[in-house]
Amino acid sequence: MRAVLLGPPGAGKGTQAVRLVERYNVPQISTGDIFRKNIKEGTELGRKAQEYMNSGQLVPDELVVDLVKDRLLKDDCKNGYLLDGFPRTIFQAEQLDKFLEEQGQQLDAVINFEVGYDTLIARLTGRRVCKSCGASYHVVNMPPKTEGLCDRCGGELEQRKDDTKETAVNRISVYEESTAPLIDYYSKTGALKNFDGETDPDQLLEEIVSVIGE
Ligand code: AMP
């Protein structure tokens, strides 16, 4: 299965990705996670991406496209993958199409989550992530058993720098301007499948599977 997760920040792409990779046994390719890892490790790419990310802007296309292409050529992507957070611009989508054509492949689905503005803000500002393993929580919707600590590994929870109210608002408007046009782009190819991103995550998984197939 080759699929793209589409939707504004806070739509639940990451939450659903965890479920989908288990169901379909394909890797999750999250460009945001790749950048955060690079920032943590202090690489050149991380240094370049950091400023854009902290202010809620998109990292320039030229830093993203080759990175994703290289990743998709790795062995574990042979039977498919789930793209989470890529493409985010029309240019990125066109580059992905070109790459797929070269490989003689095509996307099976573009899974688009629709979520209201107030829900997005509440989800983003309440999100907490584990510093060690990256597991995601929410102060109201999904609190950890012990406040401030990860259920899975006991690591310390923190708020992502770009999940503050101001940056969250900015990220949503960047989404509207640069990424939302992809809905139209993919509806023309017939790959687009729309879902209500406010549905309970486990139920949503079943709805997605029933639409895109086992
Ligand atoms: P995410 O974890 O998907 O919310 O991404 C966090 C941040 O990483 C975004 O706000 C962007 O600054 C950057 N980023 C992730 N994916 C991309 C992409 N495909 N194109 C440009 N910037 C990206």
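The model shown is predicted, which means the values in this text are computed figures rather than measured ones. These numbers come from the heavy atoms of this one structure, side chains and all, not from hydrogens, waters or symmetry mates.
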Hey, which of Leu192, Thr189, Ile183 is the one that makes side chain to side chain contact (heavy atoms under 4.5 Å, CB included) with Val110?
Leu192
Can Asp97 and Tyr185 be said to form a side-chain hydrogen bond (donor to acceptor under 3.5 Å, both in side chains), step by step?
CA-CA 11 Å; Asp97 276 349; Tyr185 182 90; 2.5 Å; yes
In Å and rounded to the nearest 0.5 Å, what is the CG to OH distance from Asp108 to Tyr24?
9.5 Å
Heavy atoms of other groups near Glu101 CD, more than 12 under 6.0 Å
no
So do Phe195 and Asn112 actually touch side chain to side chain, heavy atoms under 4.5 Å?
no
Please name the residue in the list Leu124, Thr119, Leu120, Val174 that meets the side chain to side chain contact (heavy atoms under 4.5 Å, CB included) test with Pro8.
Leu120
Has Asp70 got more than 12 heavy atoms of other residues, nucleotides or ligands less than 6.0 Å from its CG?
yes
When you measure from the side chain of Ser178 to the backbone of Thr89, do you find a donor-acceptor pair of N or O atoms at a distance under 3.5 Å?
no
Straight-line distance of Thr199 OG1 to Ile208 CD1, nearest 0.5 Å
9.0 Å
How close do Pro143 and Tyr137 get, counting heavy atoms only, and between which atoms?
C-CD2, 4.3 Å
Between the side chains of Asp162 and Arg160, is the shortest nitrogen-to-carboxylate-oxygen separation below 4.0 Å, so that they form an ion pair?
yes
From CA spacing to verdict: side-chain contact (heavy atoms from CB on, under 4.5 Å), Met53, Arg36
CA-CA 9 Å; Met53 290 178 74; Arg36 279 184 288 277; 3.9 Å; yes
Cluster check Leu83, Val21: I/L/V/M/F/W/Y, side chain < 4.5 angstrom:
no
Short side-chain to backbone donor-acceptor contact, Lys161 and Gln50, under 3.5 Å:
no
Less than 4.5 Å apart, any side-chain heavy atom of Leu204 and any of Phe113?
yes
Are more than 12 heavy atoms from other residues, nucleotides or ligands located less than 6.0 Å from atom CD of Glu158?
yes
Look at atom CD of Glu102 and say whether more than 12 heavy atoms of other residues, nucleotides or ligands are closer to it than 6.0 Å.
yes
Within a reach of under 6.0 Å around CD of Gln103, are more than 12 heavy atoms found that belong to other residues, nucleotides or ligands?
yes
State, with a plain yes or no, whether a side-chain heavy atom of Gln16 is found less than 4.5 Å away from one of Leu205.
yes
May I ask you to test the Leu82-Leu5 pair for a side-chain heavy-atom distance under 4.5 Å?
yes
Criterion salt bridge (charged side-chain N to carboxylate O under 4.0 Å, His left out) on Glu206 and Arg23, from CA distance to verdict:
CA-CA 10 Å; Glu206 298 313 322; Arg23 182 67 73 105; 2.6 Å; yes
Looking only at atom types and distance, does a side-chain atom of Arg123 sit under 3.5 Å from a main-chain N or O of Gly10, one as donor and one as acceptor?
yes
Above 12 or not: heavy atoms from other molecules or residues under 6.0 Å from CD of Glu51?
no
Can you check whether Leu96 reaches Phe86 side chain to side chain, under 4.5 Å on heavy atoms?
yes
For a 4.5 angstrom cut-off between non-hydrogen side-chain atoms, does Arg71 reach Cys77?
yes
Check ion pair Lys37-Asp33 (N to O, under 4.0 angstrom)
no
Does a side-chain N-to-carboxylate-O contact under 4.0 Å join Arg127 and Asp163?
yes
Does Arg88 offer a backbone N or O that forms a donor-acceptor pair with the side chain of Gln92 under 3.5 Å?
yes
Tell me whether Glu44 is salt-bridged to Arg47, with the criterion being a basic N under 4.0 Å from an acidic carboxylate O.
yes
Donor-acceptor pair, side chain of His138 and main chain of Ala122, under 3.5 angstrom:
yes
Does OH in Tyr52 sit with more than 12 non-hydrogen atoms of other residues, nucleotides or ligands closer than 6.0 Å?
no
Ignoring hydrogens and geometry, is there a side-chain-to-backbone donor-acceptor pair from Lys13 to Gly7 under 3.5 Å?
yes
Other residues, nucleotides, ligands: >12 heavy atoms within 6.0 Å of Glu114 CD
yes
If we only count heavy atoms from C-beta on, is the Ile29 to Asp84 side-chain gap below 4.5 Å?
no
Check whether any side-chain heavy atom of Asp196 sits under 4.5 Å from a side-chain heavy atom of Val115, and report yes or no.
no
Under 4.0 Å between a side-chain nitrogen and a carboxylate oxygen: does that hold for Glu207 and Lys193?
no
